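Below is one structure, written out as structure tokens, with a few remarks after it.
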Amino acid sequence: MENNTNSRKIFSENLKFYLNLKHKKQKDLADEVGFPPATVSNWVNGRKYPRVDTIELIAKALGVSKSQLIEDRAKPANSEGKFLVPVLGRVQAGIPVEAVQDIIDYEEIPETMARQGEYFGLQIKGDSMTPRFCEGDVVIVRKQPDVDSGDIGIILVNDNDATIKKVIKFESGINLVPFNPVFDIKTYSNQQIESLPVQIIGKVVELRAKF
């Protein structure tokens, strides 16, 4: 009974976390998985634990893996209180970060960071951001759908692979600014941001340079 209660509690906390992260309401999830809102409420509040096949439906609706819903996110990856995040070789449009199979390595982050959100690593390709970020370097990225003007973000443009650029916002659009002066600044109007689209998927919070 204790294990069952603990499983419900972990699932409840994870479900609430990802609903908030994905900006979904309980009713949205209920509609997507075909269950009554009252059932979703029972999951969210830890009163009921869904069947395995239902968890798979929920994970698909939220764009996460099943393990992200059922495993204790507060449990460190090792005895030193460090958490492992996957380092991706690329991030593609239309594929949730959680579903990317191109994992090339893992990096450790401290527990204090892990509790502030979801993170992944991304290996730098090309030299548009030199000298600050060089090809082969790894950046640690906090997943979020927007950044402040002046932040360094990971951006998907027009269904291409993700790029890393400094984001400068202005009233009618944004500039994606490379650090290497050889490369041009890319400007997108608000209309282009919607139509292409231009999608921010995370904020760069740390550089793990490779020597």
Side-chain angles (χ1 to χ4, degrees), residues 1-77 81-88 91-103 106 109-122 140-148 153-156 159 162 193-203 205:
M1 181 69 177
E2 182 179 349
N3 288 338
N4 187 38
T5 301
N6 190 50
S7 295
R8 293 202 309 268
K9 181 175 182 293
I10 291 171
F11 184 84
S12 165
E13 291 176 351
N14 288 339
L15 183 56
K16 284 185 282 191
F17 177 83
Y18 288 112
L19 282 170
N20 181 64
L21 187 72
K22 305 293 182 176
H23 305 289
K24 285 182 181 286
K25 297 180 180 178
Q26 292 184 34
K27 186 180 184 305
D28 298 330
L29 180 62
D31 291 342
E32 291 180 34
V33 298
F35 281 83
T39 301
V40 175
S41 178
N42 283 334
W43 299 336
V44 169
N45 291 293
R47 290 189 290 266
K48 298 287 186 180
Y49 190 84
R51 295 181 355 178
V52 173
D53 57 341
T54 303
I55 294 174
E56 291 176 351
L57 288 176
I58 297 167
K60 184 177 180 181
L62 293 174
V64 302
S65 66
K66 187 173 73 171
S67 63
Q68 287 176 289
L69 290 174
I70 63 177
E71 293 178 2
D72 189 354
R73 293 189 306 113
K75 185 177 179 180
K82 300 288 186 179
F83 290 70
L84 295 177
V85 296
V87 176
L88 310 178
V91 176
Q92 296 172 273
I95 302 178
V97 169
E98 300 85 359
V100 174
Q101 299 298 313
D102 189 16
I103 298 175
Y106 287 87
I109 62 172
E111 181 179 355
T112 51
M113 179 184 289
R115 291 185 179 279
Q116 294 173 15
E118 286 188 273
Y119 293 83
F120 65 94
L122 184 64
I140 304 299
V141 182
R142 182 172 62 234
K143 288 195 285 185
Q144 54 189 72
D146 199 6
V147 296
D148 293 333
I154 304 298
I155 307 104
L156 290 164
D159 291 339
I193 290 171
E194 293 293 328
S195 63
L196 286 174
V198 179
Q199 180 186 3
I200 294 170
I201 61 173
K203 174 184 176 180
V205 298

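A quick note: this is a predicted structure, and the numbers were derived from the prediction, not measured. Counting begins at 1 with the first residue of the sequence.
The distance from the CD atom of Gln68 to the OH atom of Tyr18 is 4.0 Å, given to the nearest 0.5 Å. Note that CD of Gln199 and CD of Glu194 are 11.0 Å apart. Values are rounded to the nearest 0.5 Å. From Asn45, atom CG reaches atom CZ of Arg8 across 11.5 Å, with rounding to the nearest 0.5 Å. Remark: Leu69 CG to Ile10 CD1 distance equals 12.0 Å, nearest 0.5 Å. Taking CD1 from Ile201 and CD1 from Ile154, the interatomic distance works out to 6.5 Å, rounded to the nearest 0.5 Å. Rounded to the nearest 0.5 angstrom, Lys48 NZ and Asn42 CG are separated by 6.5 Å.
Taking 4.5 Å as the limit, some side-chain heavy atom of Val205 sits within range of a side-chain heavy atom of Tyr119. The shortest side-chain heavy-atom distance between Leu62 and Leu15 falls under the 4.5 Å cut-off. Counting heavy atoms from C-beta on, the side chains of Phe35 and Pro50 never come closer than 4.5 Å. Contact of the Val44 side chain with the Gln26 side chain is registered, since non-hydrogen atoms from C-beta on lie closer than 4.5 Å. For the pair Ile55/Ile70, a side-chain contact is recorded, criterion being any heavy-atom separation below 4.5 Å from C-beta on.
Applying the side chain to side chain contact (heavy atoms under 4.5 Å, CB included) test between Ile58 and each of Asn14, Val33, Val64, Val40 identifies Val33 as the sole match.
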Could you walk me through whether Arg47 and Ser41 pass the side chain to side chain contact (heavy atoms under 4.5 Å, CB included) check?
-> CA-CA 8 Å; Arg47 290 189 290 266; Ser41 178; 3.3 Å; yes
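Salt bridge status for Glu56 with Lys60: absent, with no side-chain N to carboxylate O gap under 4.0 Å. By the 4.0 Å N-to-carboxylate-O rule, Glu32 lies close enough to Lys24 to be salt-bridged with it.
Ring-centre distance between Trp43 and Tyr49: not below the 6.0 Å cut-off.
Of all heavy-atom pairs spanning Leu29 and Ala61, the tightest one is CD1-CB, 3.9 Å.
Side-chain atoms of Asp28 come within 3.5 Å of backbone N or O of Lys25 as a donor-acceptor pair.
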